[in-house]
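Notes follow the structure.
On a predicted model such as this, the values are computed, not experimentally measured, just so you know.
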Amino acid sequence: MSALDDLETEEVLTCLRLKAYHPYHEIKNVFQFLQFNKKMKHRADEALKVGRDSKMCAIQLHDLRVSRVQFAIEAFRYFNSSDLSFEIKNLSQKGRLTVNNAELEYLNKVELPRKAIIRFAEFVFLVEKEDGESTDYFETVFELAALPPTLELICCSSLSPVPETGLTFPVAPNSAVELAEGEF
């Protein structure tokens, strides 16, 4: 019997990659409490709070324009699914929070898509979800973005090519020949 026989099987954790941007991050040092390029493990049954308050927030930002608790990200599972999904809830009564250009008012929440742009104060976060196997934990990893992420990163990659005619319509794989022959 080897030592490997007694070890637990390692589960791959769902990971939220957050590319963080602030126009004055070097001057104001707003990310001084974040550890960039290091994975942080979080319990899936607890809300991940983001804000200025070090006692209440797992992710702390150093900026007076950020609320004590700005927002929370919560993991959930759909019925009969083992995949973790996430939703974001605005916990700021005064601060504006947008997710992919949809403004969330206080206590509004929305499901996070696989890629999302979150904006508040002068911060912009591009969040990308990487699937994992564990339902007990997930991880986050922060990266510093040199330029502000834009919605073009999300939208343009999913667009279908447009033919030279400029007309787009669904074509079944076997019907392309029929259309070319003029049979509609």
Side-chain angles (χ1 to χ4, degrees), residues 11-79 81-146 148-151 154:
E11 286 184 304
V12 176
L13 301 181
T14 299
C15 182
L16 294 179
R17 292 196 167 277
L18 296 108
K19 290 185 182 173
Y21 175 80
H22 188 283
Y24 307 112
H25 75 89
E26 292 175 336
I27 298 166
K28 293 184 174 185
N29 204 15
V30 294
F31 298 128
Q32 67 181 317
F33 301 117
L34 293 183
Q35 294 182 350
F36 288 105
N37 304 312
K38 181 182 178 195
K39 290 186 175 180
M40 297 180 350
K41 190 174 178 180
H42 308 279
R43 292 179 51 100
D45 61 350
E46 294 178 3
L48 179 67
K49 294 181 180 174
V50 177
R52 295 187 272 123
D53 191 326
S54 63
K55 294 178 184 110
M56 297 179 69
C57 299
I59 298 171
Q60 186 183 0
L61 299 170
H62 184 68
D63 189 336
L64 291 176
R65 293 189 61 199
V66 174
S67 294
R68 286 184 310 110
V69 182
Q70 186 74 43
F71 65 88
I73 296 176
E74 297 181 72
F76 72 95
R77 291 184 349 194
Y78 284 104
F79 187 68
S81 173
S82 61
D83 294 336
L84 284 181
S85 294
F86 297 89
E87 58 189 14
I88 183 170
K89 182 191 291 185
N90 185 0
L91 297 177
S92 173
Q93 291 182 350
K94 297 179 184 176
R96 219 176 109 184
L97 178 73
T98 60
V99 179
N100 289 349
N101 288 334
E103 187 170 339
L104 299 181
E105 294 180 11
Y106 177 61
L107 295 181
N108 286 159
K109 66 180 180 178
V110 67
E111 183 175 351
L112 278 176
R114 293 193 72 75
K115 285 185 178 181
I117 292 185
I118 300 170
R119 296 176 194 267
F120 58 97
E122 293 178 288
F123 291 87
V124 181
F125 287 94
L126 172 63
V127 181
E128 297 181 81
K129 178 185 156 196
E130 296 173 356
D131 289 328
E133 302 163 352
S134 176
T135 56
D136 296 325
Y137 294 94
F138 68 95
E139 53 193 11
T140 56
V141 62
F142 285 88
E143 298 169 3
L144 185 60
T150 62
L151 282 177
I154 296 172

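The salt bridge (charged side-chain N to carboxylate O under 4.0 Å, His left out) search around E111 returns none, not counting sequence neighbours. Annotation: side chain to side chain donor-acceptor pair (under 3.5 Å) contacts of H25 (sequence neighbours excluded): none. Not a single side chain to side chain donor-acceptor pair (under 3.5 Å) links E133 to another residue, sequence neighbours left out. Every residue two or more places apart in sequence or in another chain was checked for a ring pair (Phe, Tyr, Trp, His ring centres under 6.0 Å) with Y24, and none qualifies. Take K41 and apply the side chain to side chain contact (heavy atoms under 4.5 Å, CB included) test, not counting sequence neighbours, and it matches L13, Y137. Considering only residues two or more places apart in sequence or on other chains, T14 meets the side chain to side chain donor-acceptor pair (under 3.5 Å) condition with none of them. Every residue two or more places apart in sequence or in another chain that forms a salt bridge (charged side-chain N to carboxylate O under 4.0 Å, His left out) with K129 is listed here: D131. Scanning for salt bridge (charged side-chain N to carboxylate O under 4.0 Å, His left out) contacts around D45 gives R43, with sequence neighbours left out. For E105, the side chain to side chain donor-acceptor pair (under 3.5 Å) criterion is met by no residue, not counting sequence neighbours. For F86, the ring pair (Phe, Tyr, Trp, His ring centres under 6.0 Å) partners are F138, not counting sequence neighbours.
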List the steps and the verdict of side chain to side chain contact (heavy atoms under 4.5 Å, CB included) for V30 and F123. CA-CA 9 Å; V30 294; F123 291 87; 3.8 Å; yes
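Within the structure, ring pair (Phe, Tyr, Trp, His ring centres under 6.0 Å) pairs that include any residue of residues 56-75 comprise F33-H62, F71-F120 (at least two apart or interchain).
When all heavy atoms of D63 and R65 are compared, the pair lying nearest together is OD1-N, 2.9 Å. Closest of all the heavy-atom pairs between A145 and Y21 is O-CD1, 3.5 Å. Listed here is the closest heavy atom pair of D83 and R77: O-CG, 3.5 Å. Pairing each heavy atom of I88 with each of L104, the nearest pair is O-CD1, 3.9 Å. The two atoms that bring L84 and A75 nearest to each other are CD2-CB, 4.2 Å, heavy atoms only. Across all their heavy atoms, F36 and A20 have their closest contact at CE2-CB, 4.3 Å.
A heavy-atom distance below 4.5 Å is found between the side chains of C15 and V141. Counting only heavy atoms from C-beta outward, the side chains of L112 and I118 approach each other to under 4.5 Å. Within the 4.5 Å cutoff, side-chain heavy atoms of L91 are placed close to those of L107.
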Check: residues 52-61 side-chain donor-acceptor pairs under 3.5 Å, at least two apart:
residue: R52; atom: NE; partner: V66; partner atom: O; Å: 2.5
residue: D53; atom: OD1; partner: K55; partner atom: N; Å: 2.8
residue: D53; atom: OD1; partner: M56; partner atom: N; Å: 3.4
residue: Q60; atom: NE2; partner: R52; partner atom: O; Å: 3.1

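Interatomic distance, CD of E130 versus CZ of R17, reported as 4.5 Å (0.5 Å rounding). Atom NZ of residue K115 and atom CG of residue N100 lie 11.0 Å apart, to the nearest 0.5 angstrom. Atom CD1 of I73 sits about 14.5 Å away from atom CD of E46, to the nearest 0.5 Å. One distance of note links CD of Q70 with NZ of K89; it measures 14.5 Å at 0.5 Å rounding. Going from atom CG of L126 over to atom CD of E128 covers 4.5 Å, rounded to the nearest 0.5 Å. For the atom pair CZ of R119 and CG of L97, the computed distance is 11.5 Å after rounding to the nearest 0.5 Å.
In R96, the CZ atom is not crowded: 12 or fewer heavy atoms of neighbouring residues, nucleotides or ligands sit closer than 6.0 Å. More than 12 heavy atoms of other shown residues, nucleotides or ligands fall within 6.0 angstrom of atom NZ in K28.
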